[in-house]
Amino acid sequence: MKDGQLVSLTAESLAQSIACGCCFEQEDFSNYYHSFLRLSEALSISNRVFTGYLGTNCSIMTCANINFVWASLIVEECVRLGLTYFCIAPGSRSSPLAVSACRHPQTTCISCFDERSLSFHAVGYARGSGTPAVVVTSSGTAVSNLLPAVVEASHSFIPLVLLTADRPPELLDAGANQAIDQINHFGKFVRFFFSLPPPNEEVPARMVLTTMDSAVYHATQPPYGPVHVNCHFREPLDDQPRAWSSDYLRGLNCWMSTSEAFTKYIKMRPTCGCNGHGQIAEVLQAIQSAKNGILLYGDIQTEDDIWASLLLAKHLAWPVVTDILSGLRLRRQVSSFPGIEDCFLFIDHLDHTLLSDIVKRLVKPDVVIQIGSRITSKRIGKMLESCSLHTYVLVDKHPNRYDPSHIVTHRIQSGIPEFVDVLTRINFSRTNRKWGALLKELDMMVSNEISLQISSECSLTEPYVAHVITKYLQDDDDALFIGNSMAIRDVDMYADGKGKSYCSDVQLMSNLELLVHFIQVTGNRGASGIDGLLSTAVGFAVGSNKRVLCMVGDVSFLHDTNGLNILNQCKKRKPMTILVINNHGGAIFSLLPIATTTEPSVLDRYFYTSHDILIGQLCAAHGVKHLRARTKVELQHALQSSRKEQRDCLIEVESCIEDNANYHSVMRASVSEAVDQACHVLSKFVTFDRINDTPSICKITKMEYSVYRIKLCAPPTSSLVNDSSSSFNREGLILSLELDDGSLGFGEVAPLEIHQEDMEDVEEQVRFLLDIIKGVEISCLFSLLKGSISCWIWRCLGVQPSSIFPSVRCGLEMAILNALAARCGCSLSDVLSGYKSAPLGNLKSVKSELIDDVNVKKSTRVQISALVDCKGTPKSVAHVVSQLVEEGFTTIKLKVARRESPIEDAIVIQEIRVAVGYQIDIRVDANQMWTYKEALQFASLVKDFDLAYIEEPVCLESDIIKFYEETGIPVALDETVDNIRGDIFEQLEKFVHSGIVALVIKPSVVGGFENAAMIARWAQLHDKMAVISSAFESGLSLSAYIQFAYYLEQQNAAICSMRNKKCQSTISHGLGTYRWLKQDISNKPLIICAHPDGDTIEAAVEDAEFYLRNFQINHKVIQRAYRAEQVRSYHLDVNTEEFSYSTKFQEVGLGTNNKAVIFLHGFLGTSEDWIPVMRSLSATTRCISIDLPGHGESKLQSKQGFVISLDLVTEILHKLICDVTSGGVILVGYSMGARIALHMALKYKEKIHGAVIISGSPGLRDEAARRVRAAQDDARARNLLTFGLQRFLETWYSGKLWTSLRSHPHFQQILSSRSRHDDIQTLAKSLSGLSTGRQRSLWEDLKDCSRPLLLIVGETDTKFREISKCMFNEINNSRDVHQVEDDEPLCDMLVVPNSGHAVHLENPLPVINAIRKFITRLS
């Protein structure tokens, strides 16, 4: 049974099918049907029955006249050649062709009254399917209407077959209706032309067939393109009977008895050998000797070509410049594997990188290999033109010249896979990875700047549309069709090309080699016209069978509204989303030089072609769903809605030509500034006249910390300490970080009550960081604060940035930035900005100082706002303020909302104004402590007192803007900023209101300098003050904040210059907490005083720099110091008659709570896994980790037939633990170690006082499931012994359980650590003997659990989350029997975000914090 399929169904899958309403039924198709026969509950047979024909369609024999015979032969031969999609324009002269096509059982026909739209639709179909569509038209101008599509197909090398009906020769040049000269009508734009004579029996039928065979061959061979067969027809044009002889088909018997074409074209492909001779040898030699090579990927459409291009990129390890049409510009990383960005040097934003004059001077490739024709970016083309390239290789299937700059030195006509096959057979030396690393660093900077600019702009812009649409293209069947003009340029420049895919694990397991999948992108770039785009997109959707998002401009859309008619006809395809950018005209001209030299009236009428056409009504006329988007949120909702619905949808995005032109200008200026800044930072590390030098990467050699306590003059304003206390202290940590050249940097970690963390919390994290940070490299672009630090934390430390406490991250960043400043011999603000006035090698000839370009007033002082707690009588507070004003403060910040009523606070403000007048800026801070009603009451009383702003006037975030609108008093955000989590710009969007005039930013609360800089950047871009505020830290932090505030003011001036806006007056920063310091952590305190040339209190940037550069710890305030302690390693033995066992112990910490914590690793782990965690906890806890049997350095010798079991291992461990500690212990176990820990906690209750179960299980309840699992683990153990550990590791970690671990940046290091086992035989025995299939189920035992348990599981580990949840309920439901003394739950559960099964490796900091608190609870 050739077409039969045997289908086996499990009972479970069958039940699911029935539950979903699925049943077995016949499926109807055009030429066959499926039938299903159920033989049993779980077995059915599927059979496909073909109902078509073999050989020619019998209708040819019954044709009414010779016209229909020829038309049927033409259609039949097209079908045999694989051309089954016919696009038919209505007309009389083409009736024989149209009717024959429609009657053929294997064709799909579509019609449109507009030949231009129809022919573009055919072009789109061929783009998507790779197979030509057949266009059928009548005679006359109907043929001429095909020309635009023919031109596009010709220039894009798209195969297309044109069948044009024509009048017979006797009616030509005789004044007959619809009779024009159609001979060679399309000139050189077609690859083949033939004019068939009018059908008659004198011409052999074979000629019709061979003509079609020849035409289709020319269309489908390089250079692909359109072919034109002109068909003369005499009347009758319908199927009126006219006698014709059946002998006419004589000689076609063979053809009619098969389903093959008449003429078979066979092209002999010459083998491409690489023997070192000929022209290919020159190319190979050029590649071998290249120093600065670039791969330039243009228009690449097929999957084979894209995969071959990926292979070439990996083989050469050259930077890959990706055009939007390359198929690799919008790529999606497979989430289960290490990032593709680590394997390839994709350069997505070279176009905008070249906005920098510095980069234009520096980026000089010597060899370029271009794969695929056409590059969208004009800047890249000009850069290549100016490079005087030694070798420029262009590879494409066709022989045509694509070399507008006339710089191609080697033109290779070849398929991409064939060319790549030759190159991959040769081992090329990889002499200069530094060149690629430099380009990648600059590209990352541009990418971050583009994302920052687009995200921080609250209005809906055209670059935002280009940036965001890729988020809605994530499935394998998604594709993007882009229109010309600005649409394709915006997507090429601003699309977010990197992301994670959402492939299922089934797909992953069958494609383990694949690191990436890509989104197909196409467009009509042959002639780059704006006509026929919608019709082409619809055709592409049909041909590709993908869900297509089509993005076009409004003028392009209006050029092809007849495409909506085709859209409605093509129902056998997936739904389309059409995104129309409606800026009411041709916006591209606003970005061209013509816009600056031509009067607006001329531009508007003759270039922009402004219009007010209602696109929604056009959609309504065609029955197409229409959505309108004026804001970012509306666009997001529209895109989401269009994906959910199974119907076509048009989204109209409102835009404005002038606003779009201005925003593009700002984007270009901002990116150029960012790249120049990056180059200046790089200049401190790179000799630019030798570009082959790597950007100097420094290493961290060590980090230490000291705990300090300093005295304060008064309690912090955030403190809850009783005022009656006579002394006030501030505690924190001083980080000391050393680089490989000996440069030192200091940072401060000082949590307050307003922080989420306390001293114990931060110290445990700092100890963890100390352990993992040694030897870590720092990129020289670390300091640019645009995502570079977060990226470094994740990629280099392997720690999720969001898991680090804000004060810890701030202190770490401070230490590293200060160390970099010391290394460069400059100030912290110089490191951040790159504005240092120092020689910059040959950069000086390009741009000596960026500061010259932005006309920044180079003030070296930062204004300070005084802070007043507002305690005491109104007059006493006014007196304090008067004294501060006399000292030189021009801005005072007052704490309010701490008195009995807002009226009292208002009286204080009144007294102050009476005392100091209105020349002083007064800010008040309510700290979200008032209700809306109370805030209104206060505002009504102080409305005439000219407050600069009020911070957080209301307790509810939703009332902030309402408060301003009702009172008119400007508002500043403080706690609202502190509480931002996740996407900063998305959270801030709702506060763009002009009534919010300032954002108060505390770096130690928002999570460091990078987060603070991003918040400040958003504020500055929206004309708000970015006020840097301290949180009562020491002079170390204050000095860093002064430098940081100065950097931000320079940045603000640059932003204002780029946007042609007047800069705000100087901002007073919230650093007045220095007055609280009675002591400092440095021997020489920071000096803040009145300006020598005036009478205002300001902080000198030079004084802050001096403080940081000469920082020396005041040892009088140090409580204790910590340097990474040594881990003590030793071996212990257990000997019995049956076996001899020796294992490794690792221990750290002395402990102060009489309890040791024992750490048990999982299968394939070792005691080394726990070292960073143990060091984090060792300040107060004795921590011990053990190599389990078969793992690490453990050794087991036993008699023949000896079996390892869970009971045996727990007994061994119990004995060993008793040997090393006499007191009770807490167990921490992961996976296999968790099962052992749980077993011991239930069995040895006197010794085990509690257990932390990480991704653990009590075993399997079902006996059958245990047997299956035991058999599986036995098979795995045999594979381990048969194929070796390395092969076993590859298989083991390809499983679904490790999906998230595989995406960890340190996965390869983790995998490498899993190969360090001395006793593979015992490892295999452990896998088999400790299998959950051989473990006794402990579910019933949980009811009798009397020891506290903490269950920890990863958020994405759905299986073990469910197990932990069941364990939690099982234990706590028996709480009435077993109580614990502190009345807390016997069992707690923690779900750790952003992690899977190996939660302690994927997101260790929350795990450490939970373990420490669990230990504290039991102590």
Side-chain angles (χ1 to χ4, degrees), residues 78 81-87 110 115-137 145-164 186-193 215-229 298-306 323 325-327 372-374 376 396-400 402 413 415-416 479-484 488 520-546 548 550 560 563 566:
C78 284
L81 291 165
L83 282 60
T84 61
Y85 197 74
F86 283 73
C87 302
I110 185 173
E115 290 87 359
R116 186 180 68 168
S117 292
L118 187 70
S119 54
F120 272 111
H121 176 75
V123 170
Y125 176 86
R127 278 192 187 278
S129 66
T131 303
V134 182
V135 180
V136 177
T137 73
N145 281 327
L146 305 182
L147 181 60
V150 171
V151 172
E152 176 60 34
S154 179
H155 281 266
S156 292
F157 303 96
I158 301 295
L160 193 65
V161 175
L162 310 173
L163 300 178
T164 60
F186 302 113
K188 66 178 182 179
F189 294 114
V190 293
R191 307 290 186 262
F192 172 91
F193 171 78
V216 174
Y217 179 77
H218 280 85
T220 55
Q221 293 298 313
Y224 308 104
V227 295
H228 180 196
V229 177
D299 189 351
I300 307 174
Q301 290 296 318
T302 70
E303 290 192 8
D304 287 347
D305 288 350
I306 293 173
D323 187 84
L325 297 179
S326 68
S373 304
R374 297 198 178 279
T376 303
D396 214 331
K397 295 177 184 178
H398 61 78
N400 293 41
Y402 267 114
Q413 183 184 356
I416 297 172
L480 177 63
F481 184 95
I482 321 176
N484 291 313
I488 192 167
Q520 186 176 2
V521 182
T522 193
N524 283 353
R525 295 300 288 172
S528 299
I530 64 169
D531 45 353
L533 293 175
L534 177 56
S535 300
T536 308
V538 178
F540 176 68
V542 176
S544 64
N545 194 32
K546 290 178 179 287
V548 173
C550 170
D560 191 26
I566 296 178

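Throughout, residue positions are numbered sequentially from 1 according to the sequence presented.
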| field | Verdict with reasoning, Tyr224 to Lys397, per side-chain contact (heavy atoms from CB on, under 4.5 Å) | value | CA-CA 9 Å; Tyr224 308 104; Lys397 295 177 184 178; 3.9 Å; yes
| field | Expected output: side-chain Ser544 to main-chain Gly128 donor-acceptor under 3.5 Å | value |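 Here the side-chain-to-backbone pair does not exist.
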| Short question: side chain of Arg374, backbone of Arg525 - any donor-acceptor pair under 3.5 Å? |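 A pair under 3.5 Å: yes.
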Between the side chains of [X] and [Y], does any donor sit under 3.5 Å from an acceptor?
X      : Y      : result
Asp323 : Ser326 : no
Ser156 : Arg127 : yes
Ser373 : Asp299 : no

| said: Going by side-chain contact (heavy atoms from CB on, under 4.5 Å), Leu533 matches just one of Ile482, Val538, Asn524. Which one? | reply: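 When side-chain contact (heavy atoms from CB on, under 4.5 Å) is applied between Leu533 and each of Ile482, Val538, Asn524, only Asn524 qualifies.
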| task | In sequence, state the C-alpha distance, the side-chain angles, and the governing distance for Leu325 and Ile300, and then conclude on side-chain contact (heavy atoms from CB on, under 4.5 Å). | result | CA-CA 6 Å; Leu325 297 179; Ile300 307 174; over 6 Å; no
Closest approach of [X] to [Y] (non-hydrogen atoms, all atoms of both residues):
X      : Y      : answer
Cys550 : Ala537 : SG-CB, 3.6 Å
Ala133 : Cys87  : CB-SG, 4.4 Å
Gln413 : Pro222 : NE2-CB, 4.1 Å
Phe157 : Arg191 : CD2-NH2, 3.5 Å
Pro223 : Asn400 : CB-OD1, 3.9 Å

| task | Check step by step if side-chain contact (heavy atoms from CB on, under 4.5 Å) holds for Val216 and Leu83. | result | CA-CA 9 Å; Val216 174; Leu83 282 60; 3.9 Å; yes
Value rounded to 0.5 Å, distance of [atom1] in [X] from [atom2] in [Y]:
X      : Y      : atom1 : atom2 : answer
Glu115 : Leu146 : CD    : CG    : 7.0 Å
Gln301 : Ile306 : CD    : CD1   : 7.0 Å
Thr164 : His228 : OG1   : NE2   : 2.5 Å
Ser119 : Leu147 : OG    : CG    : 9.0 Å
Phe192 : Tyr217 : CZ    : OH    : 13.0 Å
Phe120 : Asp531 : CZ    : CG    : 4.0 Å

| task | Report the relative orientation of the aromatic rings in Phe481 and Phe540; use parallel for angles under 30°, tilted for 30 to 60°, perpendicular for over 60°. | result |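 It falls in the tilted class, 30° to 60°.
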| Below 4.5 Å, heavy atoms only, C-beta onward: do Pro132 and Thr220 meet side chain to side chain? |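 Sidechains of Thr220 and Pro132: in contact.
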| Pairwise side-chain contact, Leu162 with Val227, heavy-atom cut-off 4.5 Å (strictly under) |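 With C-beta onward as the side chain, the pair stays apart.
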| request: Kindly state whether the ring of Tyr85 and the ring of His121 have centres lying under 6.0 angstrom apart. | output: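 Centroid distance Tyr85-His121: below 6.0 Å, so yes.
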| side-chain contact (heavy atoms from CB on, under 4.5 Å) between Leu118 and Ser535, worked out | CA-CA 7 Å; Leu118 187 70; Ser535 300; over 6 Å; no
